[in-house]
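Values below: every heavy atom of this structure, side chains too, minus hydrogens, waters and symmetry copies. In what follows, every chain begins at residue 1, and chains take the letters A, B, ... in the order their sequences are listed.
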Amino acid sequence: MRWSQTLIPTLKETPAEAEILSHKLLLRAGLVRKLTGGLYTFLPLGVRVLRKVEQIVREEMDRSGALEVLLPTLQPPEIWQQSGRYEAIGDGLYKLRDRAKKEWVMSPTAEEVITTLAAGEINSYRQLPATFYQISVKFRDEIRPRFGLMRAKEFIMKDAYSFDATEEAAMSSYRKMYDAYQRIFNRCGLKNFPVEADTGVIGGNLSHEFMVPAETGENEIVFCEACGYAANLEKATSGIPKTAAREVGPTPEKFATPGVVTIEALTKAPHSVPANRQIKTLVFIADSKPVLILVRGDDQLNEAKLASVLGTTVFRPAETPEIFDALGAHPGSLGAVGVTKFPVFADERLRGANGMTTGANEDGFHFNKVSLERDIPGARWADLRTVGAGEPCAKCAKPLKIQRGIEVGHVFMIGSKKYSEKLNAYYLAEDGTRKPCVMGCYGIGITRTLQSIIEQSNDKDGIVWPLTVAPYQVCITPLGVASGSAVMQLAEKIYAELQARGVDVILDDRDERPGVKFKDADLVGFPIRLGIGEKSLAKGEVELKRRGGTLTPVLAAAAVAKVCECLAAGGAN
RNA sequence: CGGAGCGUAGCUCAGCCUGGUAGAGCACUUGCUUUGGGAGCAAGACGUCGCAGGUUCGAAUCCUGUCGCUCCGACCA
C-alpha cells in the first residue's frame, strides 16, 4: 500500500473524548473514529489489525477442531424467553420492533440460537463432540460505554459453543478451548494469564477468564506468585483463619448502644468492640423477599458470591423502610438472632464464632456474647466475603496480591440444564436413552483484545505493534519523493520486492518532511521501518529501524534480505 | 438512574464572571522558501457559538427547558 492512497488520519493532539492511553492511541494513530458514545468506525488501518486478530483466532479455533458458522444477529425473543435470559438480562438486551410490531432481539451472544441449531441437527451421540464458533458483531445496551472499544454498545466477539455427550467429554472440549485461548493471546503478543472466574447463577465450578494485566482494567485479580493461584476477585478465596472462639456466657446479653449505628462507632469507647468481634448484618431483597446476610464486621460482602449463593442476579440492597418492616429496626441495629421469618446466609469465616456482638433489631440496642451456631441456628453457611491483598493463599499460605486486569476471553462450562434442556437439545445415547447435550461456551472480545494490545504495547512515541498483528509489518520511508530520484527509485524497487515476497509493506510516498514521516511511523507503530535518504544512500546504505529498537545501517542491495531476516526472527532482531 | 463537568472552526481550546460586529494554535487551500524527528513567511477558505424558548435596544455571554458528550457511582448475563 502507498501511504498517499489510503486514509491514515493521524492526530498530533489527543481528542478530548479519550481517557486511557490505548483509546488515545487508537484515535491518534488513525485506527478508529467515534460515531457516537460506544460506537466506533474502523478506518483502513484499524480494519487491518482487526482482520489479523480475527485470523489468529480463526486459525486456532480451526486447529482446535471447532467449526465456523455464522448465526443471525437479529433473533426472536421467544428463544430468549425459553432460556429464561430474556428476563435475566433484561435491560442489557437491545430490542426493537418491526413494522408488524413484532419484537426482535439484537444478539449480545448466541447460546439460544446455537442450542436451537443443535436441537435440530444433533440427534445421535455419533455426532458428538461438536464445537461451533463465529466471529460477529454483538450488541449490548451498556449503561455507560467507556474506554473506547473496551466497553462499547457494539463490538466484535468470537463466540464458541461445545456440545458433548458426557461431563467428561465436555471437560475435554473445555480444555481444548482453554489451550486454544492461550495460543491465541500469546500469538497476539499479549502478556496474559487465565484466572478462575465466578460462575454466577449458572453454578458449577469451571470457568476461567483470560486477563491482560493493566491498571486500566475493570477487573481485579487475586493471585499468588508462589504457587500460581489466580482468580477473579469475585471468585477468589483465601486461607484467612476463621474467627477465634472464646469463653462466653450461656445466652446473648442485650446492652444499650444509643446512637451507635456503624461498625466503626461500636469499636469506640464505651463499647470498644473490635470490628472482628462484630457481625455485620445486611438485608437484601432477592426475588422480592428479604434475606439476611452476615459477614464479620471487618469483612466486605462480595455480591458476585452472593448471587451465586442466592441462585439469582435479581437482588438489591433493601431500602430502609423495607428493613424496618422486616426486622423492626433501622440499619445500624440489625441482627439475625431470633430471626426465623427470613433466610439467613452467613459467611464461612463466622462459622464456630462466639462471643460476637450484633444488632438486637431494636434501635439503640445490641447483643453481645452471641454464638453463631447456638443463637442463629438457621443460618446457611457460604463463602461470601471479599478477599483482601496480603491474606494467605489458600493453597500455599504465601501472601496474596491483587492486580487489575482486562478480561479478553472467558471460557465457561455450562452443563445441560441452562440451555440444552430448555431448548430441547437432546441426543440419543449409545444405550438408547435420550440425554441433553453437555454444553460449554467460550468468548473472546476481538475489539477489546485489539485495544488491550495497544494498552500493553506502547511507548512515548506511540503504538509498538507485535509483528503478528501490525497493520503493516514494514514501512518504507523515502526522505524525498521526487519521482526518478535515486532515493525514490530504490524505495519503489524495495517496495515491489517485498510485496513480491508477500510482506505486508506500506510505502510512505507522501511529500512530507522527514520529521513528519518519522513521527507518523512511530505513532502508528510499524514494527520495522526502512529509511531511505540521500545521506546514507551516498554510502550505498539504507537504514533498518525496529520500532523501539536501534537503527542499523544495511547495504541497499541487502535491504530486502535483511528485512525478511528480521521478519523471520519475529521482528526481534 | 444519582453526582460532577463540558458543548464556540475538522482537532485542541480562549472568550462567558462584568451583554456591544466571532478568536488563537494545529489541520486545510495557494504561492515562495525550507527539507534527517510533527518547518518559516505571505495570502486564503472554514462558525446557525449543541438545540428551543425567554430577558434585553442588543445574547456565545444572563434565565428556563431540552439534547448530546466526558468523568465518578450503580450495572456488566
Just the atom pairs and distances: protein N or O near nucleotides 2-4 of chain B's N or O, under 3.5 Å.
none

Using atom names, set out every protein N or O paired with an N or O of nucleotides 6-13 of chain B below 3.5 Å, distance rounded to 0.1 Å.
residue	atom	partner	partner atom	Å
B:rU12	OP1	A:A16	N	2.7

N/O contacts under 3.5 Å, protein versus nucleotides 29-34 of chain B?
residue	atom	partner	partner atom	Å
B:rU34	O2	A:R513	NH1	2.5

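A:P108 comes within 4.0 angstrom of a base, heavy atoms only. If you check every strand for non-hydrogen atoms under 4.0 Å, A:R28 touches a base. Across all strands shown, A:R529 has heavy atoms under 4.0 Å from base atoms, whether or not it also approaches the sugar-phosphate. Backbone-only engagement by A:E19 is indicated by non-hydrogen atom pairs under 4.0 Å involving sugar-phosphate atoms exclusively. A:L523 comes within contact range of at least one nucleobase, with a heavy-atom separation under 4.0 Å. A:T36 comes within 4.0 angstrom of sugar-phosphate atoms only, judged by non-hydrogen atoms across all strands, and of no base. Among the protein residues, A:G533 comes within range of the nucleic acid bases, having at least one heavy atom under 4.0 Å from a base atom. Residue contacts for A:D520: at a heavy-atom cut-off of 4.0 Å it reaches a base atom on one of the strands shown.
Put simply, the side chain of A:E512 and the base of B:rG38 share no donor and acceptor less than 3.5 Å apart.
Pair check for B:rA14 finds none; no Watson-Crick or G-U wobble contact set falls under 3.5 Å.
Remark: aromatic rings of A:Y161 and A:F132 are distant, center separation not under 6.0 Å. Between A:H208 and A:Y178, a ring centre-to-centre spacing shorter than 6.0 Å is recorded.
Under a cutoff of 6.0 Å and an axis angle of 45°, A:K95 and A:Y86 form a cation-pi pair. A cation-pi arrangement is absent between A:R151 and A:F147 under the rule of less than 6.0 angstrom and at most 45 degrees off the ring axis. Within the cation-pi definition used here (under 6.0 Å to the ring centroid, within 45° of the axis), A:R48 qualifies as a partner of A:Y472.
The A:K535 side chain lies nearest to B:rG36 when the options are B:rG36, B:rG37, B:rA39. Side chain of A:F147, nearest nucleotide from B:rC75, B:rG36, B:rC71: B:rC71.
Phosphate contact (OP1/OP2 of B:rU70, side-chain N/O of A:K34, threshold under 4.0 Å): present. Within the structure, a side-chain polar atom (N or O) of A:K12 is placed less than 4.0 Å from OP1 or OP2 of B:rA27.
Straight-line distance between the C1' atoms of B:rG20 and B:rG31: roughly 39 Å, to the nearest whole Å. To the nearest whole angstrom, the two C1' atoms, one in B:rU61 and one in B:rG15, are 9 Å apart. Spacing of C1' atoms, B:rG58 relative to B:rU12, comes out at 31 Å, to the nearest Å. A distance of about 50 Å separates the C1' atoms of B:rG37 and B:rA52, rounded to the whole Å. To the nearest whole angstrom, the two P atoms, one in B:rA60 and one in B:rG54, are 15 Å apart. Spacing between B:rU48 and B:rU8 at atom P, rounded to whole Å, works out to 11 Å. Atom name P, nucleotides B:rA59 and B:rG50: the rounded distance is 15 Å, in whole Å. Of the C1' atoms belonging to B:rA45 and B:rC6, the separation is 29 Å, rounded to the nearest Å.
You'll find the side chain of A:T109 reaches within 4.5 Å of the side chain of A:R85, heavy atoms only.
Salt-bridge check for A:E322 with A:K289: failed, with every basic side-chain N at 4.0 Å or more from each acidic carboxylate O. Ionic pairing of A:D508 and A:R529 is not present here: no N-O contact between side-chain nitrogen and carboxylate oxygen is shorter than 4.0 angstrom. Comment: A:K235 does not engage A:D198 in a salt bridge, judged by the lack of any side-chain N to carboxylate O separation of less than 4.0 angstrom.
A straight line from CG of A:L93 to P of B:rC75 spans 18 Å, rounded to a whole angstrom.
Heavy atoms of other residues, nucleotides or ligands lying less than 6.0 angstrom from NZ of A:K562 number 12 at most.
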